[in-house]
2 protein chains.
Amino acid sequence: MAAKTDDSGPVLPPAIESAWGLRDRPPKGPRPQMSVPTIVDAAVRVADADGLAAVSMSRVAKELGAATMALYRYVGSKDELLMLMVDTGYGPPPGPPPAEADWRAGLTRWAWADHEVLRRRPWLLHVPISGPPITPQQLGWMEDGLRCLDDTTLAEGEKTSVLLLITGYIRNEASLTAQIIEGSRAAGIEPGEMMPAYSRMVARLIDPSRFPALHRVLAAGVLDQDDDPDDEFTFGLDRILDGIEALIRRRAA
Amino acid sequence: MAAKTDDSGPVLPPAIESAWGLRDRPPKGPRPQMSVPTIVDAAVRVADADGLAAVSMSRVAKELGAATMALYRYVGSKDELLMLMVDTGYGPPPGPPPAEADWRAGLTRWAWADHEVLRRRPWLLHVPISGPPITPQQLGWMEDGLRCLDDTTLAEGEKTSVLLLITGYIRNEASLTAQIIEGSRAAGIEPGEMMPAYSRMVARLIDPSRFPALHRVLAAGVLDQDDDPDDEFTFGLDRILDGIEALIRRRAA
DNA sequence: CTAGTTCTGCGTATGGTCTACGCATTACAG
DNA sequence: CTGTAATGCGTAGACCATACGCAGAACTAG
């Protein structure tokens, strides 16, 4: 009758609570034949093999030899499953920065670890993010990133903003390169031929007098040479770190 | 029998070609009762009113008083419709930078224009981007952005990278603030109460000794005060522009 | 004026999605 | 042994995109 009020407003889904180890199995009833981690692992396996679009409740159930609806005893909804997939998909964070590393070296290492995860599991990019991180490993990644800034004189709010800036960049860059790979596979051409083909198409569409800057970019052949995607990533990351460095220097002075 | 080969590899969908004005109506057959722009406008109207999730082919058809399948005479697939929705959803680009503006002022103006569009139409963030821009207004935005860098000594490739960096940031920032708004609406609480509630939840979950840096951020109350989202946006944008400024200075020297 | 051609509108049907609900079965507490 | 509660899961409902085929409209060629 009385509303069951928890301490704080938004309620954590049961499956997430169990990911934090906050849930004990009630003693009654038949023994569960699956577990949340089993299901999440199966879903991750499907996503690794056939992409996020292949992850349907029935497909995951088939992977486990169970019935579709059986899964709903463990996860409250597909969205909840996706959240847990992200958590285990990222895997453990890279650990705190080495003692001898300055903030820039530390963040660079952290950024490359994040980058590597997204390169290995591009489906992570297709999971619609529905809120700030609340799963254990997600927060672990955040923690390790924040630690890189421990020795700086930035305010706590600035540290989080900085980290947000970097994660956003990494995600974005990964998204773009993943799109090129997926797009080329869909079009049935070599990944290296994707951007040149795009370049030709745009060149055919635009009027050079109305799009002079764009035309100059195309004429320079920027999109035709397939440079190392890692160089592209490094370029943007260094720009951002330069910007942060300027801020840190100003704060230190 | 012989494959109808166009000049270049990837074929532009018919509806996109018509957006470039490259398509003339065949003289035969009954007069079309709708047009691609009519349909796209209706779809945008639905998205503006009820979000992207409400945009289904049948819902758009209902909006037009037509049958669902009638739409497929105009657009090849829902994905194509989405692409066109993004094009008209963005609207016309902000125009080339004022003559007296330096690159930084120009890009700042451009960034705020982009930001403003995404604030007004958050559903744009939910459209899965499936490739580089190919629609007229998208490329128009790119053009106007590139022009801001006309007077710099950056290489063409660097200009595109710089623009990519900025668009990525804007999109990311907009995504985050939109999530807070949508999340608070879903949870039925004030938008200003979202982050404090999140803060309390995380504080309850984490062990301060395993998450010291994160704990310090929470203890500082970073997430509790609801600062102006515009300040947050400005902060990140300035960091990025600082980084670009460092590059430009190095290139000019 | 007529015949042929081609395009439009759209009804029907297929195969997919998530998930609410209810029932039989199982396993433990007392 | 009985009551209770949790599990596995079958059924069914409400959506979704879209392949296909057909009736009719509007033009062109003769």
Side-chain angles (χ1 to χ4, degrees), chain A residues 4 13-15 17-18 23-40 42-43 46-47 50-85 123 126-128 130 186, chain B residues 4 13-15 17-18 23-40 42-43 46-47 50-85 123 126-128 130 186:
Chain A
K4 280 213 247 170
E17 284 205 327
S18 84
R23 219 169 177 79
D24 37 358
R25 192 177 91 74
K28 295 215 178 172
R31 213 152 266 129
Q33 293 171 3
M34 300 179 262
S35 70
V36 176
T38 319
I39 293 173
V40 175
V46 170
D50 298 335
L52 191 69
V55 177
S56 70
M57 296 307 267
S58 65
R59 173 73 190 275
V60 173
K62 196 172 294 174
E63 188 81 7
L64 290 165
T68 305
M69 290 312 291
L71 305 186
Y72 283 94
R73 290 282 176 203
Y74 299 86
V75 294
S77 68
K78 189 184 179 182
D79 284 343
E80 217 173 285
L81 175 59
L82 288 174
M83 208 186 286
L84 295 166
M85 285 176 67
W123 54 264
H126 294 315
V127 179
S130 55
Chain B
K4 280 214 247 172
E17 283 204 328
S18 84
R23 221 170 176 78
D24 38 357
R25 195 177 88 76
K28 295 216 178 170
R31 217 154 262 128
Q33 294 170 2
M34 301 179 261
S35 71
V36 175
T38 318
I39 293 173
V40 175
V46 171
D50 296 337
L52 191 68
V55 177
S56 69
M57 297 305 269
S58 65
R59 172 72 189 276
V60 174
K62 197 171 295 174
E63 188 81 9
L64 291 164
T68 305
M69 291 310 291
L71 305 185
Y72 283 94
R73 290 281 174 206
Y74 300 85
V75 294
S77 66
K78 188 183 178 180
D79 284 343
E80 218 173 284
L81 175 59
L82 288 174
M83 208 185 288
L84 295 167
M85 284 176 67
W123 55 264
H126 294 313
V127 178
S130 56

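Not measured: the values here are computed from a predicted model. Hydrogens, waters and symmetry mates play no part in the numbers below; they use all other heavy atoms, side chains included.
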What's the spacing between A:Trp123 CH2 and A:Asp50 CG if we round to 0.5 Å? 13.0 Å
For D:dC15, does OP1 or OP2 lie under 4.0 Å from any side-chain N or O of B:Ser56? no
Give me the atom names and distance for the closest heavy-atom approach of A:Val60 to A:Ala42. CG1-CB, 4.2 Å
Hey, mind stepping through B:Val127 and B:Met85 against side chain to side chain contact (heavy atoms under 4.5 Å, CB included) and telling me if it holds? CA-CA 9 Å; B:Val127 178; B:Met85 284 176 67; 5.9 Å; no
Could you work out which one of C:dT8, C:dT12, D:dG8 sits closest to the side chain of A:Tyr74? D:dG8
Of the candidates C:dT19, C:dC10, D:dC9, the side chain of A:Thr68 sits closest to C:dT19
Measuring only between side-chain heavy atoms, which start at C-beta, is B:Pro128 closer than 4.5 Å to A:His126? no
Which pairs count as salt bridge (charged side-chain N to carboxylate O under 4.0 Å, His left out) when at least one residue sits in residues 71-84 of chain A, sequence neighbours excluded? none
Between C1' of D:dC16 and NZ of B:Lys62, the distance in whole Å: 13 Å
note: B:Lys78, atom NZ; D:dC16, atom P; distance rounded to Å ~ 8 Å
More 5' along DNA chain D: B:Arg59 or B:Arg73, using each one's nearest nucleotide? B:Arg59
Just how far, in rounded Å, is P of C:dC18 from CD of A:Glu80? 15 Å
May I ask you to list the residues of residues 32-40 of chain B, by number, that have any heavy atom positioned under 4.0 Å from an atom of DNA chain C? B:Pro32, B:Gln33, B:Met34
Would you mind building the protein contact string for nucleotides 23-30 of chain D? One character per nucleotide, 5' to 3', B for base within reach (heavy atoms under 4.0 Å), S for sugar-phosphate only, - for untouched. -BBBSS--
Nearest non-hydrogen partners of B:Ala54 and B:Val46, listed with the distance: O-CG1, 3.7 Å
Without decimals, in angstroms, what is the distance between A:Arg23 CZ and D:dA6 C1'? 13 Å
Nearest heavy atoms of B:Val55 and B:Ala43, plus distance in Å: CG2-O, 3.9 Å
Minimum heavy-atom separation for B:Ser18 to B:Ala15, with atom names? OG-O, 2.9 Å
How many Å lie between CG on A:Asp79 and C1' on C:dT17, as a whole number? 13 Å
Output the rounded distance in Å from CG (B:Leu52) to P (D:dC16). 13 Å
So do the side chains of A:Leu71 and A:Leu81 get within less than 4.5 Å of each other, counting heavy atoms only? no
On DNA chain C, nearest-nucleotide positions of A:Ala53 versus A:Gly76: which is more 5'? A:Ala53
Length of the line joining B:Met57:CE and C:dA13:P, which is rounded to integer Å: 21 Å
In whole Å, what is the span from the CG atom of A:Leu71 to the P atom of C:dC18? 10 Å
Of the listed D:dG8, C:dT17, C:dG9, the closest approach to the A:Ala70 side chain comes from D:dG8
Pick base, sugar-phosphate or nothing for B:Ser77, based on heavy-atom distances below 4.0 Å to the nucleic acid. sugar-phosphate
Taking A:Tyr74 for the side chain and A:Ile39 for the main chain, is one N or O donor matched with an acceptor at less than 3.5 Å? no
Among the nucleotides D:dC16, C:dG11, D:dC9, which one has an atom lying closest to any side-chain atom of A:Ala66? D:dC9
